[in-house]
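Counting starts at 1 for both ligands and their atoms, in listed order. The structure presented is a predicted model; accordingly, all values stated were derived computationally and were not measured.
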Amino acid sequence: MTNTTAAAPAGYRPVDLPAARRADVLAVDRSAFPASPIPDDAAPFPVPLDWTRTTGLEHADGTLAAIHSSYPFSLPVPGAVTACAGLTWVGVRPDHRRRGLLTAMIASHFDRSLARGEAVSALFAAEPAIYGRFGYGSAADDLHVTLGRGAALRPVPGSADLTLRLERMTAAAHGELVHRVHGRAGAGRPGWLERTTAPLQAAFLADPPSSRDGAEEQQIVTVRSGDDVRGYALLRRKEAWVDFSPQGVVRVAELVAVDPAATHRLWSFVLDLDLMSTIESPKLAADDVLLSLLVNVRVTRPRIADNVWIRLLDVPTALAARRYAAPLDAVFEVTDALLPANAGRWRVRTGTGGTDVVGFPAEVTPSTEPADLTVDVRELGAAYLGGRSLTAFAAAGLVTEHRPGALASATTAFGWPVAPLCSWTF
Ligand SMILES: CC(=O)SCCNC(=O)CCNC(=O)[C@H](O)C(C)(C)COP(=O)(O)OP(=O)(O)OC[C@H]1O[C@@H](n2cnc3c(N)ncnc32)[C@H](O)[C@@H]1OP(=O)(O)O
């Protein structure tokens, strides 16, 4: 299903960017992101790119003007996992912007992803206004909370029996542990991408002084039952003194655990570090355990941001790749301005659930029956991970119901018991 035209704008040509062009790629990235925390070339930042998936646009004068790449992810979706192209490192030099370079790169990204059999693309948006026009939908929220020292948690049996260790984090000592526990902790959560390659793990754990913003080196707190590591928190403390009193800030980059006792033990520790008065959470899912543990949720000072964005590149394949929370038989009229093969009517009919599977599998077929719902591919992508309500989109005029009852059943079926989240930005 390849039906975009990935032509470069006049005066530009598409170019593959192998590892030999690393310096040119970094130069465009630094030009597009002036604060990129990449230290000087003497201490190379681990560049996590897959060079076989990195391409760009070169001006006729030989200047590399635009770059992008993608990761070959296995994306957890409701009840399953599916192949996904994780769009990343999109950058256009400021002196070449607004000439259609991103538009051309997106068309090329769609073509190449579809040719590889990736029915879904995901990304983190630098700015939320960029990607909706290309059919990406914001599929998850991340919640950031700011807590005062000593915020009280409800008790969890077994928490006090677990031991803690605080150490300076190094990739060599902790990389394998972080990867293993992260995967275990997020099992079953849609959107929970793992850092599956060594370069991705190295880039995530890199701790260059330029990324510390005056705080200490990255620390790791592990929580253990005997030798079994059951969770960790990656954090930095930043000391501050106001009117002779300690007012330090704890910045938690990631906190994951495999059971409630370990989660409780980690947060209890993080919320009570000496000399600290404020604790900033990492990205939290809308249903994060912390929200259930806090005695007083009013103290959280929450902020919300868009987490991962999803683009369905091949609608029938993508819709059949996930499971559904309830039985459904509905015809969707899908609009898609960029990938016309997706446009038209698709019948989504679930089979029967079983005791051995989570959720209901679905068959997705073209249909000539009247549509029950009309939805753009952007909203379908937004609802894909189970964290957005089609009913809420209908209330905003973004989904139309043609058969009474269809909207409620589709909303229930597309939902999921666990809220989506990707815990790290790629
Ligand atoms: C997944 C990731 O990697 S996210 C990282 C994205 N990169 C950045 O934000 C770095 C800084 N910015 C840039 O590099 C560039 O400005 C980009 C990539 C955002 C846009 O590249 P351009 O080549 O200028 O985009 P292009 O010319 O194809 O614009 C297409 C349309 O999107 C719009 N658009 C582009 N960027 C933005 C933006 N930041 N906010 C709102 N609209 C935008 C354009 O106005 C244009 O609209 P139109 O078709 O109605 O005229």
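Formation of a donor-acceptor pair under 3.5 Å by the His174 side chain with backbone atoms of Thr170 is found in this model. Between the side chain of Glu363 and the main chain of Arg349, no donor-acceptor pair closer than 3.5 Å is present. Under a 3.5 Å cut-off, the side chain of Ser108 and the backbone N or O of Ala104 do not form any donor-acceptor pair.
In this structure, Trp192 and His182 have parallel ring planes: the angle between them is below the 30° cut-off, well short of the 60° mark.
Using a 4.0 Å cut-off between a side-chain N of Lys or Arg and a carboxylate O of Asp or Glu, Arg189 and Asp288 do not qualify as a salt bridge. With salt bridges taken as basic N to acidic carboxylate O contacts below 4.0 Å, none links Asp336 and Arg378. A salt bridge is absent between Asp16 and Arg21; no separation between the charged side-chain nitrogens and carboxylate oxygens falls under 4.0 Å. At a threshold of 4.0 Å, the pair Arg195-Glu254 counts as salt-bridged, since one of the basic side-chain nitrogens sits closer than that to a carboxylate oxygen. For Asp24 and Arg22, the salt-bridge test fails: no basic side-chain N is under 4.0 Å from an acidic carboxylate O. A salt bridge is absent between Arg345 and Asp372; no separation between the charged side-chain nitrogens and carboxylate oxygens falls under 4.0 Å. With salt bridges taken as basic N to acidic carboxylate O contacts below 4.0 Å, none links Arg212 and Glu216. The pair Asp213-Arg236 does not meet the salt-bridge criterion, since no charged nitrogen lies less than 4.0 angstrom from a carboxylate oxygen.
Nearest protein heavy-atom neighbour of atom 44 (C) of ligand 1: Arg98 CD, 3.8 Å. In terms of protein heavy-atom proximity, atom 19 (C) of ligand 1 is closest to Ile130 CD1, 3.6 Å. Protein heavy atom nearest atom 25 (O) of ligand 1, with residue, atom name and distance: Leu102 CB, 3.3 Å. Protein heavy atom at the shortest distance from atom 41 (C) of ligand 1 is Ala129 CB, 3.7 Å. The closest protein non-hydrogen atom to atom 28 (O) of ligand 1 is Thr103 OG1, 2.7 Å. Scanning all protein heavy atoms for the shortest distance to atom 9 (O) of ligand 1 gives Ala126 CB, 3.3 Å. Regarding atom 7 (N) of ligand 1, its nearest protein heavy-atom neighbour is Val90 O, 2.9 Å. Shortest contact from atom 2 (C) of ligand 1 to any protein heavy atom: Tyr131 OH, 3.4 Å.
Considering backbone and side-chain atoms alike, Phe33 places every N or O at 3.5 Å or more from each N or O of ligand 1. In terms of N/O distances under 3.5 Å, ligand 1 is approached by Glu127. Considering backbone and side-chain atoms together, Leu87 places no N or O closer than 3.5 Å to any N or O of ligand 1.
Crowding of Arg303 atom CZ: a count of heavy atoms from other residues, nucleotides or ligands under 6.0 Å not exceeding 12.
Using a 4.0 Å threshold on non-hydrogen atoms, atom 32 (O) of ligand 1 counts as touching the protein. Put simply, atom 14 (O) of ligand 1 has protein non-hydrogen atoms near it, under 4.0 Å away.
Set against the non-hydrogen atoms of Arg97, the atoms of ligand 1 under 4.0 Å away are 24 (O). Contact atoms of ligand 1 toward Gly91: 14 (O) (distance under 4.0 Å to a heavy atom of the residue). Listed by atom number, the atoms of ligand 1 under 4.0 Å from Thr88 heavy atoms are 3 (O).
Among Gly132, Ser70, Pro9, Ala32, the residue whose heavy atom lies nearest to atom 11 (C) of ligand 1 is Ala32. Proximity annotation for atom 26 (P) of ligand 1: of Gly100, Ala107, Ala66, Ala125, Gly100 comes nearest, heavy atoms only.
Residue contacts with ligand 1, taken as heavy atom pairs separated by less than 4.0 Å, involve Phe124 solely via the backbone atoms N, CA, C and O. Counting heavy atoms under 4.0 Å from ligand 1, residue Trp89 touches it through the backbone alone. When heavy-atom distances to ligand 1 are checked against a 4.0 Å cut-off, Arg133 comes that close only through its side chain, counted from C-beta outward.
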